[in-house]
Amino acid sequence: MTTTLVDSFAAQLLDWFDHAGRHDLPWLHPRTPYRVWLSEIMLQQTQVKTVIPYFARFLQAFPTLPDLAAASLDDVLAQWSGLGYYARARNLHATARACVERHGGDLPRDLDALIALPGIGRSTAGAILSQAWGDRFPILDGNVKRVLARYHGIAGWPGLPAVEKQMWSLAGAHLPEARMADYTQAQMDLGATLCTRSDPACMLCPVQSGCVALRDGRVDELPTSKPGKALPERTALVLLAANAAGQVLLQRRPPSSIWASLWSLPEAADHDSARAWFERHLAGEYDRAEALVEVPHVFSHYKLRMHPLRWRDLQARAAVNDNADLRWVSAAELPQLGLPAPIRRMLQSL
DNA sequence: AAGTCGGGGGC
DNA sequence: GCCCCAGACTT
């Protein structure tokens with residue numbers, strides 16, 4: 001897997017990295033296993049600029065891996081709120097606890113042991129081992145896929161298993177004998193700053209002399225983009241029930257599917273089920289609802305049109321007080337709760 | 001091999 | 001609007 005390909009790719013990349021790489025990223029100072037792991041999880045499908053403020057706040061709340069393990073899932077989700085892909089937060093928490101129980105409070109320095117932990121796949125495991133310890137393992141994220149597709153002139157969407165398999169092989173073949181931490185960072189810096197998706201700066205590229213796509217004039221068509229598909233649309237009624245104190249009734253979402261375990265507004269597919277839910281939990285007239293303007297929200301795989309219904313000065317029925325998944329929340333409490341981003345915006349705009 | 005899982009940025 | 005982003009996991 002890590003057979004050495006006799007070329008200058010890694011050497012040229014490292015030379016470039018020394019003077020042109022991003023040496024100021026917060027997770028590099030210091031570059032500890034915990035900070036590398038946390039940054040890698042946050043950076044999954046998420047851009048650096050988005051991650052930086054979350055990374056700082058998260059570390060302040062949970063300075064060490066044992067701190068994270070000792071925290072409640074709710075507190076972790078609150079720190080994660082707005083970052084998306086909330087399974088990452090649940091997996092992060094579960095992995096912290098597993099490390100305390102099985103690995104002495106540290107991340108294991110072993111590829112298979114890392115991959116066995118929730119939320120860590122082959123690429124993230126390679127990134128952790130190479131960056132935290134300098135161990136010789138490849139990564140294959142969006143940056144590396146784009147660089148390899150162009151450098152080797154590989155056609156086909158990189159999400160296809162056959163293409164991905166070929167890229168893993170090439171990524172392993174390019175590994176240098178030393179400086180693995182810098183090499184891993186250098187690949188991502190190259191993809192993020194020069195070998196960008198649109199308008200790449202090929203004339204500044206340290207590996208332009210060996211790039212097949214540049215030689216053949218195919219830079220703009222590689223990597224092959226994902227085959228498109230029309231997004232399905234769904235509509236939902238969201239219930240915005242306020243009491244006399246101005247508190248809003250929130251409901252914890254189910255532990256699986258979208259926005260799992262987050263606090264959100266009660267949701268119903270249609271007016272019949274909305275009315276039934278309302279009458280079971282609240283004292284008041286459903287038909288006095290005020291229909292607010294539609295709130296559209298786009299996920300990766302469907303589009304959701306939310307239709308908020310608002311009531312004021314409602315009272316709860318007894319069932320609400322006995323339900324651990326329902327609670328009245330004041331505006332001041334919102335920052336401490338894990339809410340989906342569009343729901344948080346909706347509540348803050350009131 | 002395809003679907004699920006967020007939110008934001010770039011064009 | 002569409003695609004992508006330091007992907008992993010389930011079916």
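For the numbers below, each heavy atom of this structure counts, side chains included, while hydrogens, waters and symmetry mates do not. Note that the coordinates shown come from a computational prediction; the quantities given were computed from them, not determined experimentally.
- For A:F58 and A:F55, the ring centers are positioned 6.0 Å apart or more.
- For the OP1/OP2 pair of B:dG6 and a distance below 4.0 Å, the side-chain nitrogens and oxygens of A:H297 include no atom meeting the criterion.
- Of the listed nucleotides (C:dA6, B:dG7, C:dC5), C:dA6 has the atom at the smallest distance from the side chain of A:L43.
- Ranked by how close their nearest DNA chain C nucleotide is to the 5' end, A:Q47 and A:L117 are led by A:Q47.
- Close to B:dG6, at under 4.0 Å from its OP1 or OP2, lies no side-chain N or O of A:W80.
- Separating the CD1 atom of A:I139 from the C1' atom of C:dG7 is a distance of 12 Å, rounded to the nearest angstrom.
- When heavy atoms are screened at a 4.0 angstrom cut-off, A:S300 is found touching base atoms of the nucleic acid.
- Going from atom CG of A:L92 over to atom P of C:dA8 covers 14 Å, rounded to whole Å.
- Here C:dC5 presents its C1' atom at 8 Å from CZ of A:R146, a figure rounded to the nearest Å.
- One finds a side-chain N or O of A:R345 lying less than 4.0 angstrom from the OP1 or OP2 phosphate oxygen of B:dG8.
- Position along DNA chain B of the nearest nucleotide to A:D199 versus A:A162 favours A:A162 as the more 5'-ward residue.
- Among the atoms of the strands shown, none is found under 4.0 Å from any heavy atom of A:W157.
- Counting distance only, with no hydrogens placed and no angle test, the side-chain atoms of A:R22 and the base atoms of C:dA6 include a donor-acceptor pair under 3.5 Å.
- The phosphate of B:dG3 has OP1 or OP2 within less than 4.0 Å of a side-chain N or O from A:K229.
- Within 4.0 Å (heavy atoms only), A:K303 reaches no atom of the nucleic acid at all.
- Going from atom CZ of A:R150 over to atom P of C:dC4 covers 11 Å, rounded to whole Å.
- If you check every strand for non-hydrogen atoms under 4.0 Å, A:Q185 touches a base.
- Spacing of P atoms, C:dA6 relative to B:dC11, comes out at 14 Å, to the nearest Å.
- A sub-4.0 Å separation between OP1 or OP2 of B:dG7 and a side-chain N or O of A:Y86 is present.
- In summary, the side chains of A:S169 and A:Q166 do not present any donor paired with an acceptor at a separation below 3.5 Å, with no hydrogens or angles considered.
- Heavy atoms of A:G82 sit under 4.0 angstrom from primed sugar atoms or phosphate atoms, though from no base atom.
- Residue A:Q44 places its side chain closer to C:dG7 than to any other of B:dC5, B:dG7, C:dG7.
- Residue contacts for A:R90: at a heavy-atom cut-off of 4.0 Å it reaches no nucleic acid atom on any strand shown.
- Both key distances under 3.5 Å define a Watson-Crick or G-U pair, and stretches of 3 or more such consecutive pairs in DNA chain B run B:1-5 with C:7-11, B:7-11 with C:1-5.
- Taking the six-membered ring where tryptophan is involved, the planes of A:F299 and A:Y302 are tilted, since the angle between them lies from 30° to 60°.
- OP1 or OP2 of B:dC5 lies within a sub-4.0 Å distance of a side-chain N or O belonging to A:H301.
- Note on A:L25: a base of the nucleic acid sits closer than 4.0 angstrom, heavy atoms only.
- Using a 4.0 Å heavy-atom cutoff across all strands shown, A:S257 reaches sugar-phosphate atoms only and no base atom.
- Counting to the nearest Å, the C1' atom of C:dC4 and the CG atom of A:D220 are 16 Å from each other.
- Between atom CG of residue A:L250 and atom CG of residue A:L347 there is a gap of 6.5 Å, rounded to the nearest 0.5 Å.
- Ion pairing between a basic and an acidic side chain is recognised when a charged N comes within 4.0 Å of a carboxylate O; A:R317 and A:E279 show no such pairing.
- Among the heavy atoms of the strands lying under 4.0 Å from A:I120 are primed sugar atoms or P, OP1, OP2 only; no base atom is included.
- A side-chain N or O of A:Y286 and one of A:H271 form a donor-acceptor pair less than 3.5 Å apart.
- Within 4.0 Å of A:V144, counting heavy atoms only, lies no atom of the nucleic acid at all.
- Residue-level contact check: A:A341 touches the backbone only, with heavy atoms under 4.0 Å from sugar-phosphate atoms and none from bases.
- Neither side chain, A:R88 nor A:N91, offers a donor N or O lying under 3.5 Å from an acceptor on the other.
- For the P atoms, the distance linking C:dT10 with B:dG6 amounts to 14 Å, nearest Å.
- The phosphate of B:dG9 (OP1 or OP2) has no side-chain N or O of A:R197 nearer than 4.0 angstrom.
- Cation-pi contact between A:R275 and A:F278: absent, since separation from the ring centre below 6.0 Å together with deviation from the ring axis within 45° is not met.
- The closest side-chain donor-acceptor pair between A:R344 and A:S81 falls under 3.5 angstrom.
- Straight-line distance between the P atoms of C:dG1 and B:dC5: roughly 23 Å, to the nearest whole Å.
- Under 4.0 Å is where a charged nitrogen must lie from a carboxylate oxygen, and between A:R31 and A:D182 at least one such pair does.
- For C:dG7, one of the phosphate oxygens OP1 or OP2 lies less than 4.0 angstrom from a side-chain nitrogen or oxygen of A:Q45.
- In the interface, the side chain of A:T46 is paired with the base of B:dG6 through a donor and an acceptor atom under 3.5 Å apart.
- Rounded to a whole angstrom, the distance from the P atom of B:dA2 to that of C:dC4 is 16 Å.
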